[in-house]
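Reviewing the structure listed below.
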Amino acid sequence: MEIIDLNSGEAVIVENAVCLGNFDGIHVGHQKLLKSNIEEAKKRNLNSAALIFRNHTKELLDSNKGTNIQLLTSFEQKIDILKGFELDAIYVIDFDESLMKLSPQDFIDDILIKRLNAKLITIGFNYRFGYKASGDSEFLKKMGLEKGYEVNVIPPVYVDEEIVSSTAIRQLIKLGDVKKAAIFLGRNYSLMGSVVKGSERGRHLGFPTANIELKDNYIIPKVGVYVTKTILDGQEYICLTNIGYNPTFNEDDLKIETYILDFNDNLYGRTLEIEFIDYIRDDIKFNTAEELIRQIQEDVKYIKKYHWYLQLLKYVLR
């Protein structure tokens, strides 16, 4: 697989089957789109590719409104996930003012035809493009008859009679329903961040936690305590993660703290990926530190049993 930066001006010679979208989360709907594009590319002897923006389109659009889009996946995570598919190439381009203002016609001519040499274009059922999202699948098909490319439109994917979408997944995560979000995503929702120095209160309580400073503007799960898994240097560890304000100690700043079981190495400055598996309980205010310690002990017992159950389930189902 090649990763090609279209901003470099490098010419694309091969004929491509290109899938288009923001791909935030690369959820099961996106995955169906990617797989279909790869299958259809093979039938036509085309290069299978995806076009992704280095930044989410709504980051630029929302910045003009004074808001900021919260991401399901960082650019780095998108690339890593896409590497798991049998794509021949990933084309990367910055979504900037000039690209945003391209008309649907110009986007087709300048990007899809001249830059990507697209002969097949795979999109989702609700894909929009061009200035003010004025282009749609019907316009893309109409222009394909003139320009000589085909259009492959993927219908919606349903889970429990609900259409899978990045918007729906964001809402599930906000509600703390990370189990259902995982079904929509086809994997656990995860955050990446660096370990920074905190108050070290967890260490004094007997449960040293890693305080996470997020690398990107992720959507943050509902405040509470979660069963999690931490990936560090390719190794996976069972964890207990708290998202909250430390109400027992009357703190005001939202923190993401993870306690990695049976782990004692120095983590300061290192990058972790935390996968959210299940919601355990609310972020509770305790009357004393001793009450908090007893609750954490119960939480640790719970996640050990939870992990044992998952391992047993994997063994039974394999």
Side-chain angles (χ1 to χ4, degrees), residues 1-8 10-57 71-95 108 111-127 129 137 140-141 144 148-159 163-166 169 181-190 192 231 234 236 273 275 314 317-318:
M1 175 192 288
E2 291 183 280
I3 300 175
I4 300 166
D5 188 346
L6 291 182
N7 293 108
S8 69
E10 184 178 341
V12 176
I13 299 172
V14 296
E15 294 184 333
N16 279 304
V18 184
C19 46
L20 305 176
N22 266 313
F23 297 111
D24 189 21
I26 313 186
H27 54 61
V28 293
H30 295 141
Q31 292 167 32
K32 183 177 179 180
L33 185 149
L34 288 160
K35 290 173 183 176
S36 177
N37 188 69
I38 291 166
E39 291 171 3
E40 296 303 318
K42 287 178 180 177
K43 291 177 185 178
R44 295 163 175 78
N45 198 28
L46 298 172
N47 207 53
S48 61
L51 173 66
I52 65 170
F53 300 115
R54 202 179 306 275
N55 52 322
H56 197 293
T57 56
L71 302 173
L72 293 171
T73 43
S74 65
F75 175 73
E76 179 184 347
Q77 286 175 306
K78 280 186 187 180
I79 294 294
D80 284 343
I81 296 167
L82 288 171
K83 285 178 179 177
F85 292 84
E86 297 178 359
L87 291 166
D88 295 309
I90 300 172
Y91 294 103
V92 179
I93 192 169
D94 295 333
F95 187 77
I108 291 169
I111 305 299
L112 300 181
I113 304 298
K114 292 180 183 177
R115 304 293 295 279
L116 292 174
N117 197 17
K119 299 300 178 183
L120 174 70
I121 298 165
T122 302
I123 57 173
F125 69 101
N126 58 352
Y127 180 72
F129 67 102
S137 60
L140 201 57
K141 288 178 183 178
Y149 62 78
E150 296 178 77
V151 179
N152 176 26
V153 181
I154 305 303
V157 172
Y158 290 85
V159 171
I163 294 176
V164 174
S165 69
S166 299
I169 295 167
I183 297 171
F184 278 39
L185 285 165
R187 66 184 182 283
N188 294 323
Y189 177 63
S190 67
M192 292 187 71
I231 295 95
E236 296 182 353
E273 182 172 10
E275 293 188 6
K314 285 181 182 178
L317 295 176
R318 71 182 180 182

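No hydrogens, no waters, no symmetry mates; every other heavy atom, side chains included, goes into these values.
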Rounded to the nearest 0.5 Å, what separates atom CD1 in Ile183 from atom CG in Asn188? 10.5 Å
Give, for atom CG of Asn55 and atom CZ of Phe95, the distance between the pair rounded to the nearest 0.5 Å. 7.5 Å
Are any of the side-chain heavy atoms of His27 and Val157 separated by less than 4.5 Å? no
Any side-chain heavy-atom pair of Gln77 and Met192 under 4.5 Å: yes
Would you please test Val18 and Asn37 for side chain to side chain contact (heavy atoms under 4.5 Å, CB included) and show each step? CA-CA 7 Å; Val18 184; Asn37 188 69; 5.7 Å; no
With rounding to the nearest 0.5 Å, note down the distance linking CG in Leu6 to CD1 in Ile52. 10.5 Å
Would Val28 and Lys32 count as a side chain to side chain contact (heavy atoms under 4.5 Å, CB included) if you check the C-alpha gap in whole Å, the side-chain angles of each, and the deciding distance to 0.1 Å? CA-CA 6 Å; Val28 293; Lys32 183 177 179 180; over 6 Å; no
Asn22 side chain to Ser166 side chain, donor-acceptor N/O pair below 3.5 angstrom: no
Please walk me through it: do Val153 and Leu140 pass side chain to side chain contact (heavy atoms under 4.5 Å, CB included)? CA-CA 10 Å; Val153 181; Leu140 201 57; over 6 Å; no
Any salt bridge linking Glu39 with Lys42? Criterion: basic side-chain nitrogen under 4.0 Å from a carboxylate oxygen. no
Among Asp88, Asn16, Thr122, find the one that has a side-chain hydrogen bond (donor to acceptor under 3.5 Å, both in side chains) with Ser48. Asp88
Under 6.0 Å between the ring centres of Phe23 and His30? yes
